Every structure is written in structure tokens, then in C-alpha cells.
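Presented below is the structure to which this report refers.
Computed from a prediction, not measured in an experiment: that's the story for all the values here.
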Amino acid sequence: QVQLVESGGGLVQAGGSLRLSCAASGRTFSMYTMAWFRQAPGKEREFVAAISWSGGSTYYADSVKGRFTISRDNAKNTVYLQMNSLKPDDTAVYYCAADGRGIRAVVAGSVGSWGQGTQVTISS
């Protein structure tokens, strides 16, 4: 398993931007598919975005496509989520996730490691 620590959450107005970071421990970061999930109050955790081990493939939930961008820097053991054009519906705790399987498995929720989460709040 890998240990994950998110940062970058906060309070912004609708239409604004935030960049989340997730720092991973361990030497095998480059072998993991990385992803972001989120959980809003009273709702189930949902998939947001995923990126393959090489960064060559990405996948997004329809609700964030065109607004969010996932990227990774394997040299820094870090994955990012750039969030633009934020909406109040984006308010949630955002979780970083890692798994040795491919994007399809991770999108389906098969995740081996989770971060502790970072709060993102969008005001209208």
C-alpha cells in the first residue's frame, strides 16, 4: 500500500479555481493508477477523475469533464487535480486514491489506498 496526503482544499466562490495535491509515500508511486473521488454531505462517495501510471491516459466523470484536469508528477510522487469553473455542487470532501490495477477498476471503486480527504467548499 501507499500512504496518501491531500492538500489544497478551501473555500472559493462559484466560478473560481482550486488545485488539489496528493503526495504519496513509497518508491513505487509510478506503478499506481491514481484517482480523485469526492463525497458530498448525505451522498455516497463518487468518482471524479483518474490517471494511468504513466499519465498517458485519463478519465473523468461527466460532471467534471472540461472543468477539471488530473495530472501527475512521478518524480515528485504527486498527483494533482486542477479544478476550474467551480460550482456549488462541487462542494465535497475530496479523496485521493491509489491502486495497482488499471483505470477501469479504479473507476469502479476498487481502490487499495485512500487519503484522509480535503474539504472543498464552493459558495454561490
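Between Asp90 and Lys87 no salt bridge is recorded (no basic side-chain N to carboxylate O distance below 4.0 Å). Taking 4.0 Å as the cut-off between side-chain N and carboxylate O, Arg101 and Asp99 count as a salt-bridged pair.
Here the SG atom belonging to Cys96 is positioned 8.0 Å from the CD1 atom belonging to Ile70, to the nearest 0.5 angstrom. Separating the CG atom in Leu81 from the OH atom in Tyr60 is a distance of 7.5 Å, to the nearest 0.5 Å. Between the CG atom in Leu11 and the CD1 atom in Ile122 there is a gap of 7.5 Å [rounded to 0.5 Å]. If you take CG on Asp73 and OG on Ser21, they are separated by 10.5 Å, rounding to the nearest 0.5 Å.
Counting heavy atoms from C-beta on, the side chains of Thr58 and Ser52 never come closer than 4.5 Å. Side-chain contact between Ile51 and Val79 is present, with heavy atoms from C-beta onward closer than 4.5 Å. Residues Val12 and Ser123 form no side-chain contact, since every pair of their non-hydrogen atoms from C-beta on lies 4.5 Å or further apart. A heavy-atom distance below 4.5 Å is found between the side chains of Met34 and Leu4. Between Thr28 and Val2 there is no side-chain heavy-atom pair separated by less than 4.5 Å. Glu6 has its side chain out of reach of Tyr94: every pair of non-hydrogen atoms, C-beta onward, lies at least 4.5 Å apart. Within the 4.5 Å cutoff, no side-chain heavy atoms of Arg38 are placed close to those of Val120. A 4.5 Å side-chain heavy-atom check between Asn84 and Phe68 finds every atom pair outside the cut-off.
In terms of modelled atom types and a separation under 3.5 Å, the side chain of Thr78 and the main chain of Lys76 share a donor-acceptor contact. Put simply, the side chain of Asn77 never gets that close to the backbone of Cys22: no donor and acceptor are under 3.5 Å apart. No donor-acceptor distance shorter than 3.5 angstrom exists from the side chain of Thr91 to the backbone of Thr121, with no hydrogens or angles considered. Without hydrogens or angle criteria, Ser85 side chain to Arg67 main chain gives no donor-acceptor distance under 3.5 Å.
In the hydrophobic clustering of this structure, Val48 groups with Leu86; members are Ile, Leu, Val, Met, Phe, Trp, Tyr whose side-chain heavy atoms approach within less than 4.5 Å, directly or through other members. Trp53 and Val107 fall into different hydrophobic clusters, where Ile, Leu, Val, Met, Phe, Trp and Tyr side chains are chained together by heavy-atom contacts under 4.5 Å. No chain of hydrophobic side-chain contacts below 4.5 Å, direct or via other Ile, Leu, Val, Met, Phe, Trp or Tyr residues, connects Met83 to Tyr95. Hydrophobic clustering of Ile, Leu, Val, Met, Phe, Trp and Tyr side chains at less than 4.5 Å, counting indirect connections, unites Leu20 with Tyr32.
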Which is it for Phe47 and Trp36 under the ring-ring contact (aromatic ring centres under 6.0 Å, His included) test, yes or no, and what are the steps along the way?
CA-CA 7 Å; Phe47 168 78; Trp36 290 93; over 10 Å; no

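Between Phe37 and Trp114, the ring-plane angle classifies as perpendicular under the 30° and 60° cut-offs.
For the residue pair Gln82 and Thr69, no side-chain donor N or O sits within less than 3.5 Å of a side-chain acceptor on the partner.
A cation-pi arrangement is not found for Arg72 relative to Tyr80, the charged atom failing to lie both closer than 6.0 Å to the ring centre and inside a 45° cone about the ring normal.
Taking both residues in full, the closest heavy atoms of Leu18 and Gly8 are given as CD2-O, 3.7 Å, listed atom of the first, atom of the second, then distance. Taking each heavy atom of Ser30 and Asn74 in turn, the nearest pair found is CB-ND2, 3.6 Å. Considering all non-hydrogen atoms of both residues, Ala14 and Ser124 come closest at CB-CA, 4.4 Å.
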